[in-house]
Colleague: 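Quick one: this structure, given as structure tokens, is what I'll be asking you about.
Hydrogens, waters and symmetry mates are skipped; everything else that's a heavy atom, side chains included, is used. Chain A is the first sequence line, chain B the second, and so forth, proteins listed ahead of strands; every chain is numbered from 1. Given the structure is predicted, the values throughout are model-derived calculations rather than measurements.
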There are 2 protein chains.
Amino acid sequence: VPGAKLQFWYEFASTYSYPAAARIERLAAARDVEIEWRPFLLGPIFAAQGWRDSPFNVYPAKGRYMWRDLERICSREDLPFTRPSRFPRNGLLAARVALIGAAEGWVGAFTRAVYHANFAEDREISEPATIAEILRSLGRCDCAIIASAERTGNKALLKSRMEEGTELFWGNDRLEEALDWCARRA
Amino acid sequence: VPGAKLQFWYEFASTYSYPAAARIERLAAARDVEIEWRPFLLGPIFAAQGWRDSPFNVYPAKGRYMWRDLERICSREDLPFTRPSRFPRNGLLAARVALIGAAEGWVGAFTRAVYHANFAEDREISEPATIAEILRSLGRCDCAIIASAERTGNKALLKSRMEEGTELFWGNDRLEEALDWCARRA
């Protein structure tokens, strides 16, 4: 549907966003919906609710179920999965870099690569060295990009990006519904 | 698949269980999977986590999203929906009666009728009068059944039914996956 757009809000620490990020471009293309990639941070939102850790850690039964559920989803989607040795990982630098990617047109590939590093390769995505390696693997000049990501204006842009949308669809489970909604309304 | 069985655990106060209960027999029949209806209570589980109210009430943003999400799901499934004026409602009596229904073969129709009363008609399902009306509408003798439901042995049966299953699938969103899993393993 020409003109149909979906804002995809995602946090790099978030587990279910891994399959969502892997699936979204294929599903969007099938409906002719354009994706706006919107990296953001869940940490400040959790903190505002009085949570200092992921609910998946605070409530172990919830966490056990989530990891098993994620494993089944990845298996169904043929996505490699390794339970990360550390969870959640800090996605701040990745989110800042993704903003640069959104402006320059490589945000999709970068986003998928960061999720793959975190949830398939158990790599420490909070480390600048990991992000630099991912950028180089995509043929990008890592030093210049990380410097741009850490500039005050870019940091402020990420902070300002926390307003609420109009029609919200939460999670990988609602990806098809969200895209259908956009396609119907375009 | 002959021999394939799925245990469907549900709490009458639970919102997403309304579409799940409405959909499950049709989806199960399509896969030749037999349903074991397992009414249970979320209250004691929430209390064990230190919660005194539904997380949908404790976190208003989560609640707003859930009601909108549920409205969309019901619309997609052509299920009537009215946001209940009281939430959550106490499903203790309904769960006790459903156990009798499971033994006597009318648990599916009763379960759907209770969810319909709660989430389509905004009726007080914690009231014995509502449950009695539902039983009569199904052609059942309400007094005898409610008396059986309130017997010590039946109360104890419900209490004992809180053990954890083996492969868990949470929610209306995982209904198809749960049934497929059972069908594959039968």
Colleague: Kindly work out whether a path of hydrophobic side-chain contacts (I/L/V/M/F/W/Y, heavy atoms less than 4.5 Å apart) joins B/I145 to B/F12.
Modeller: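 Both belong to a single hydrophobic cluster.
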Colleague: Heavy atoms under 4.5 Å from chain A: which residues of residues 171-182 of chain B carry them?
Modeller: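 At a heavy-atom separation under 4.5 Å, chain A is reached by B/D173, B/R174, B/E177, B/W181.
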Colleague: Any chain of hydrophobic side-chain contacts (each under 4.5 Å) joining A/L41 to A/Y10?
Modeller: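 Each belongs to a different hydrophobic cluster.
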Colleague: Heavy atoms only: give me the nearest A/W170-B/Y65 pair and the separation to one decimal.
Modeller: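 That would be N-OH, 2.6 Å.
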Colleague: Taking atom NZ of B/K5 as the centre, report whether more than 12 heavy atoms of other residues, nucleotides or ligands fall under 6.0 Å from it.
Modeller: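 Atom NZ in B/K5 is not crowded, with 12 or fewer foreign heavy atoms closer than 6.0 Å.
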Colleague: Are B/W37 and B/L135 in one and the same hydrophobic cluster, where Ile, Leu, Val, Met, Phe, Trp and Tyr link if side-chain heavy atoms are under 4.5 Å apart?
Modeller: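 In one cluster with B/W37: B/L135, yes.
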Colleague: Honestly curious: do B/L79 and B/F8 fall in one hydrophobic cluster under the side-chain, below-4.5 Å linking rule?
Modeller: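 B/L79 and B/F8: one cluster.
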Colleague: Hey, is CZ on B/R52 packed in by over 12 heavy atoms from elsewhere, all under 6.0 Å?
Modeller: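 No - once you tally the heavy atoms of other residues, nucleotides and ligands closer than 6.0 Å, there are 12 at most.
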